[in-house]
Number of protein chains: 2
Amino acid sequence: MTHLKTLETPELILVKRIPDAFKAQVDRIAEAIIYLYTESRRLTKDQAAKVGLTGPQLSVVKILEEIGDLSLSDLSERIRAQNSTVTGIVDRMEREGLVDRKRSADDRRVVHIRLTDKGAKLARSLSFEPFEIFRGAFENALSPQELLQLLTLMDKLATYVRSETDGRDVRAASGK
Amino acid sequence: MTHLKTLETPELILVKRIPDAFKAQVDRIAEAIIYLYTESRRLTKDQAAKVGLTGPQLSVVKILEEIGDLSLSDLSERIRAQNSTVTGIVDRMEREGLVDRKRSADDRRVVHIRLTDKGAKLARSLSFEPFEIFRGAFENALSPQELLQLLTLMDKLATYVRSETDGRDVRAASGK
DNA sequence: GATAAATGTTTCGTGTGCGAACTAATTCGC
DNA sequence: GCGAATTAGTTCGCACACGAAACATTTATC
């Protein structure tokens, strides 16, 4: 139980109080975001380690199982990483015999990544879902109304940030 | 968006409707968290690059400026990384002449990391604050009431997750 | 006070993660 | 058509990031 650092006494709200309280609130929210992110990553990694995979590799296995074969670029977009990063991940998975590469016939630049039998078998044995880790927390910590509130607020935030950074962002240019 | 794997039996449909909506909401929130996190990281990195630093190095400089000398372990805790990671970061910063190491006199196991003159000068030239990046978004996208709402909800979430993972987590044992 | 347990740091091996430069294949401009 | 710009993927160099093991120094235990 993190004791709420009761955000400051009314009588002091004169000049600097509002900005200060604002700053403290933002910091706390930012910390929470970072905490939730890193914790979910850690848990994913633990799950993956149980079957001899890394976190990103587990994501790749599940995505390929759910969607089917994907080009490397599409895969990169899915796991929000650069092509050069995914090349390495796929290299190591190929070495382990979990996936293989097949050059596309229509466009000989693209490479399709697909699960091998071994990879597919592994995928079926996994109950993992990307955000499953959050689900318990959301379900137990928040009421349905609160969940909806949170969704609305996060959406506003994300939309705002996206609108601010769009245009100067290389990847976002594609429009997704 | 995320397509639903329908393998439900007819009689379960009634009960499953609500969970499906729930799942979709959770996924959206999780995506927003991930998006905000990665975007803030990217912006931090850009800021840091302007003065020839990496993201983590910028954090170290600002922390040392604000708090003063720190042991490597304390520094690790501050930036939420393992000691072995921070050893590398400090190595590279030492090579650049931004910090140096000094063995403690009381406990010769510990190493104090401190800014050199060069590092301190750099620190003073930086207006950066860790969560500054979020501040504009929070200020412009949300009303004060919404901000407070969001803080409350995120606190609940973080507290819940923390209580769940505490005990089985090595690092968290210290209790912050 | 010698041995054992704990603590702080480093070393090592592996796996991301990114941007820049490169190659090969495709499309655009004219 | 044909050269120029684009696009898909890889390679390279660097900087995290983590866990396990090694190492040094305290502290605890007897």
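Just so we're clear, the structure is a prediction, and the values are computed from it rather than from any experiment. Lettering of chains follows the sequences in order, A, B, ..., and the numbering in each one begins at 1.
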Note to self: On a heavy-atom basis, which atom in B/Arg162 and which in A/Tyr35 lie closest, and how many Å separate them?
What the structure shows: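 That closest heavy-atom pairing would be CA-OH, 3.2 Å.
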Notebook entry, point to check: For B/Asn83 and B/Ser76, which heavy atoms make the closest approach, and how far apart are they?
Noted result: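 Between these two residues, the closest heavy atoms are OD1-OG, 2.8 Å.
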Expressed as a whole number of angstroms, how long is the span from [X]:[atom1] to [N]:[atom2]?
X	N	atom1	atom2	value
A/Asn83	C/dT16	CG	C1'	15 Å
A/Ile34	D/dA17	CD1	P	12 Å
B/Leu70	C/dT9	CG	C1'	15 Å
B/Glu94	C/dT10	CD	C1'	13 Å
B/Asp91	C/dT11	CG	P	7 Å
A/Arg41	D/dA17	CZ	C1'	9 Å
A/His112	D/dG9	NE2	C1'	13 Å
A/Asp74	D/dG9	CG	C1'	13 Å

Would you tabulate the pairs of protein nitrogen or oxygen atoms and nucleotide nitrogen or oxygen atoms of nucleotides 18-22 of chain C closer than 3.5 angstrom?
{"from": "C/dC18", "atom 1": "OP2", "to": "A/Gln82", "atom 2": "N", "distance (Å)": "3.1"}
{"from": "C/dG19", "atom 1": "N7", "to": "A/Ser84", "atom 2": "OG", "distance (Å)": "3.4"}
{"from": "C/dG19", "atom 1": "O6", "to": "A/Ser84", "atom 2": "OG", "distance (Å)": "3.0"}

Notebook entry, point to check: Checking salt bridge (charged side-chain N to carboxylate O under 4.0 Å, His left out) for the pair A/Arg42/A/Asp46: CA distance, chi angles, key distance, verdict?
Noted result: CA-CA 6 Å; A/Arg42 199 182 64 76; A/Asp46 286 354; 3.3 Å; yes
Verify the cluster assignment for [X] and [Y]: are they in a single hydrophobic cluster under the rule of side-chain heavy atoms below 4.5 Å apart?
X	Y	answer
A/Val110	A/Leu115	no
A/Tyr37	B/Leu150	yes
A/Ile67	A/Val90	yes

Note to self: If the helix axis at each end comes from five base pairs, how far does the helix from C/dG1-D/dC30 to C/dC30-D/dG1 deviate from straight, to 10°?
What the structure shows: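 The angle separating the two end axes equals 20°.
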Check: Is there any side chain to side chain donor-acceptor pair (under 3.5 Å) pair reaching into residues 110-126 of chain A, and which pairs are they, with sequence neighbours excluded?
Finding: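 Every pair satisfying side chain to side chain donor-acceptor pair (under 3.5 Å) with a residue in residues 110-126 of chain A: A/Asp100-A/Arg114.
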Check: Distance check: side-chain N/O of B/Ser71 vs OP1/OP2 of C/dG8, anything under 4.0 Å?
Finding: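 Looking at the OP1 and OP2 atoms of C/dG8, neither is under 4.0 Å from any side-chain N or O of B/Ser71.
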Check: Which residue pairs pass the ring-ring contact (aromatic ring centres under 6.0 Å, His included) test with at least one member in residues 136-160 of chain B, sequence neighbours excluded?
Finding: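 Listed by first then second residue: B/Phe134-B/Phe138.
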Next item on the list: Let me know, please, whether B/Arg95 or A/Thr87 comes out on the 5' side of the other along DNA chain D by nearest nucleotide.
Entry: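 Result: A/Thr87.
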Check: Would a 4.5 Å heavy-atom cut-off, applied to side chains only, mark A/Asp91 and A/Arg101 as touching?
Finding: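 Side chain of A/Asp91 against side chain of A/Arg101, heavy atoms only: contact under 4.5 Å found.
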Next item on the list: Kindly write out the residues that satisfy side-chain contact (heavy atoms from CB on, under 4.5 Å) with B/Arg92, not counting sequence neighbours, or none if the list is empty.
Entry: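 By the side-chain contact (heavy atoms from CB on, under 4.5 Å) rule, B/Arg92 matches B/Gln57, B/Ile89, B/Arg95.
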Notebook entry, point to check: Tell me, which of residues 96-110 of chain B have any heavy atom that sits under 4.0 Å from an atom in DNA chain C?
Noted result: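 Correct list: B/Arg101, B/Arg109, B/Val110.
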Item checked: Verdict with reasoning, B/Asp27 to B/Lys23, per salt bridge (charged side-chain N to carboxylate O under 4.0 Å, His left out) -> CA-CA 6 Å; B/Asp27 283 5; B/Lys23 177 181 183 309; 3.3 Å; yes
